[in-house]
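Read through the structure below, which is laid out as structure tokens, and then see the notes.
Just so you know, residue 1 is the first one in the sequence shown, and it goes up from there. All values derive from a computational prediction rather than experimental measurement.
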Amino acid sequence: MPRPSPLTAPLWWLYQLVCAVLLFVVGPFFLLSRGRHYRQSVRGRLGFETPVGPVRTGGLWLHAVSVGEAGVAATLARALPRDEPALVTTITPTGQEQARKSFGGRCAVTYLPFEFGYAVRRLFHRHAPRALVLIEGDLWPLVLRRAGRLGVPVVVVNGRVSDRGFPRLRRVRWLARPLLLEPVRHFGVQTSLDRDRLVAVGVAPERITVTGNLKYETPEPTAAPELYAQLQALAAGRPILVAGSTMAGEETAVLDAFAALGPGRALLVLAPRHKDRWDAVATELRQRNLAFQRRSRFEGSGGTDVVLLDSYGELAGVYRLARGAFIGGTLVPTGGHNPLEPALFGIPVVVGPAMDNFREMAEEFDREQAWARVTGAAELAECFRGWLDDPAAAKLLGQRGRGLIERNRGALERTAELLARHLGAPA
């Protein structure tokens with residue numbers, strides 16, 4: 001049974017006041033730096049947005065932070081009956097877009113509100129979920145408290161305790177345990193290391209199951225034949241290189257590497273992670289005098305060096321056309337992005353040193369020599385050149401990545417069994 005909260009009612013009001021002050025102080029700076037990205041989410045996170053999709057009470061609530069977790073939620077939903085889930089929430093606009101695409105018409109999709117009592121109560125009242133499933137363990141005290149008061153069981157799936165988060169959690173375990181950990185009925189985690197870390201901060205071993213990483217269960221994306229035909233026409237027989245989910249500072253390195261290959265060697269598909277940077281990347285392409293086209297406004301098929309993929313939801317499918325792919329967020333210290341989308345198609349993958357968000361997965365790829373590692377533009381250029389000069393070696397590297405995915409299948413079945421055992425969800 002969950003332990004009683006150590007906070008009295010006045011302390012809960014104080015907690016919400018602190019949240020409000022932080023929002024008031026930090027919010028303007030956040031909106032100034034990333035306003036175009038986050039402005040659209042403010043109304044929903046304040047608890048006032050009308051959900052997209054049918055509102056149905058008494059169903060399963062899946063909460064996913066951003067794009068990656070929303071993809072995991074969609075994967076998990078494949079193992080559930082058609083009438084589950086009834087609600088999907090995200091925090092970021094990109095996650096919201098991904099959730100709406102994956103669950104559109106099937107269930108209600110909205111933002112998780114800030115930690116304000118009225119907003120949290122409103123969400124629970126409107127949807128009356130029978131259970132809450134947290135993808136990867138995004139734990140919020142007020143949400144967990146409300147779930148406990150209403151008798152709504154909470155389960156974490158695909159859980160992980162990061163290198164950065166573990167020391168913080170251990171330092172405040174006296175508070176985190178009753179507020180964040182005890183309200184969770186069961187934790188399904190990715191690895192034995194995640195299990196050991198949870199035990200170290202006070203979670204009973206019998207409340208933890210190692211289920212594996214649901215991201216290895218990602219299905220092939222829906223094909224987009226018209227887009228693929230357009231890209232192949234732009235390539236005009238040249239191999240295609242993809243730089244996906246790039247972050248600020250990485251486009252420069254990618255374009256330097258691409259330029260080092262020499263003219264006419266390949267078509268580059270460049271996909272910045274965040275939409276608020278698409279225009280800036282287009283400006284850099286223009287300043288470099290590169291012949292480029294934006295996905296949003298294709299204009300014929302002649303003389304194109306770079307395609308700027310200024311769209312969401314299409315990158316995963318575009319990987320199937322590539323001779324090789326660079327995964328963004330890895331040459332800058334932002335934690336990296338999911339390498340499985342390109343590896344799923346058996347194409348070679350290259351990443352930089354920063355893969356903190358996918359630590360265990362990165363260790364497996366390193367151990368199996370299933371991708372290439374680089375530290376900057378010069379090494380990236382050398383990697384690209386090697387793949388173009390020796391397609392057979394590139395194919396072999398891609399096959400090792402694909403084989404690694406196949407050997408890690410099974411997490412979806414184990415997670416479905418976990419939900420059936422603890423929530424009564426059919427497996």
Residue pairs, two or more places apart or on separate chains, that pass side-chain hydrogen bond (donor to acceptor under 3.5 Å, both in side chains) and touch residues 256-265: Asp256-Arg288, Arg265-Asp389

Note: Lys215-Glu69 ion pair, threshold 4.0 Å (strictly below): no

Ring geometry between His422 and His186 (parallel below 30°, tilted from 30 to 60°, perpendicular above 60°): parallel

Greater than 12 external heavy atoms within 6.0 Å of Glu220's CD: yes

Any pair counted as salt bridge (charged side-chain N to carboxylate O under 4.0 Å, His left out), so long as it reaches residues 397-408, sequence neighbours left out: Glu368-Arg407, Arg402-Glu406

No-hydrogen, no-angle side-chain donor-acceptor test under 3.5 Å, Thr94 and Thr92: yes

Salt bridge flag under 4.0 Å for residues Arg273 and Glu251: no

Under 3.5 Å donor-acceptor, Gln190 side chain and Asn158 backbone: yes

Asp194 side chain to Val161 backbone, donor-acceptor under 3.5 Å: yes

Summary of ring-ring contact (aromatic ring centres under 6.0 Å, His included) pairs that have at least one residue in residues 343-372, sequence neighbours excluded: Phe365-Trp371

Salt bridge Glu84-Arg130, side-chain N to carboxylate O under 4.0 Å: yes

Could you go through residues 236-243 and list every donor-acceptor pair under 3.5 Å that involves a side-chain atom there, pairing it with any protein atom two or more places apart or in another chain?
| unit_1 | atom_1 | unit_2 | atom_2 | d |
| --- | --- | --- | --- | --- |
| Arg238 | NE | Ala235 | O | 2.8 |
| Arg238 | NH1 | Ala266 | O | 3.4 |
| Arg238 | NH1 | Thr304 | O | 3.2 |
| Arg238 | NH2 | Leu234 | O | 2.8 |
| Arg238 | NH2 | Thr304 | O | 2.7 |

Matching residue for His63 among Ile91, Val143, Val133, Ile135 - test: side-chain contact (heavy atoms from CB on, under 4.5 Å): Ile91

Arg323 side-chain N/O to Pro348 backbone N/O, donor-acceptor pair under 3.5 Å: no

Polar contact flag, side-chain donor to acceptor under 3.5 angstrom, Asn408-Glu217: no

Salt bridge present between Arg197 and Asp163 (N-O < 4.0 angstrom): yes

Under 3.5 Å donor-acceptor, Thr415 side chain and Leu412 backbone: no

Gln96-Ser41 side chain donor-acceptor pair, cut-off 3.5 Å: no

Non-neighbouring partners of Phe292 that pass ring-ring contact (aromatic ring centres under 6.0 Å, His included), sequence neighbours left out: none

Sequence neighbours excluded, every pair satisfying ring-ring contact (aromatic ring centres under 6.0 Å, His included) that has a member inside residues 315-341: none

Sidechain-backbone polar pair: Arg173 side chain, Arg170 backbone, donor-acceptor under 3.5 Å: yes

Note: Lys275-Asp310 ion pair, threshold 4.0 Å (strictly below): no

Side-chain heavy atoms of Arg294 within contact of Trp278, under 4.5 Å: yes

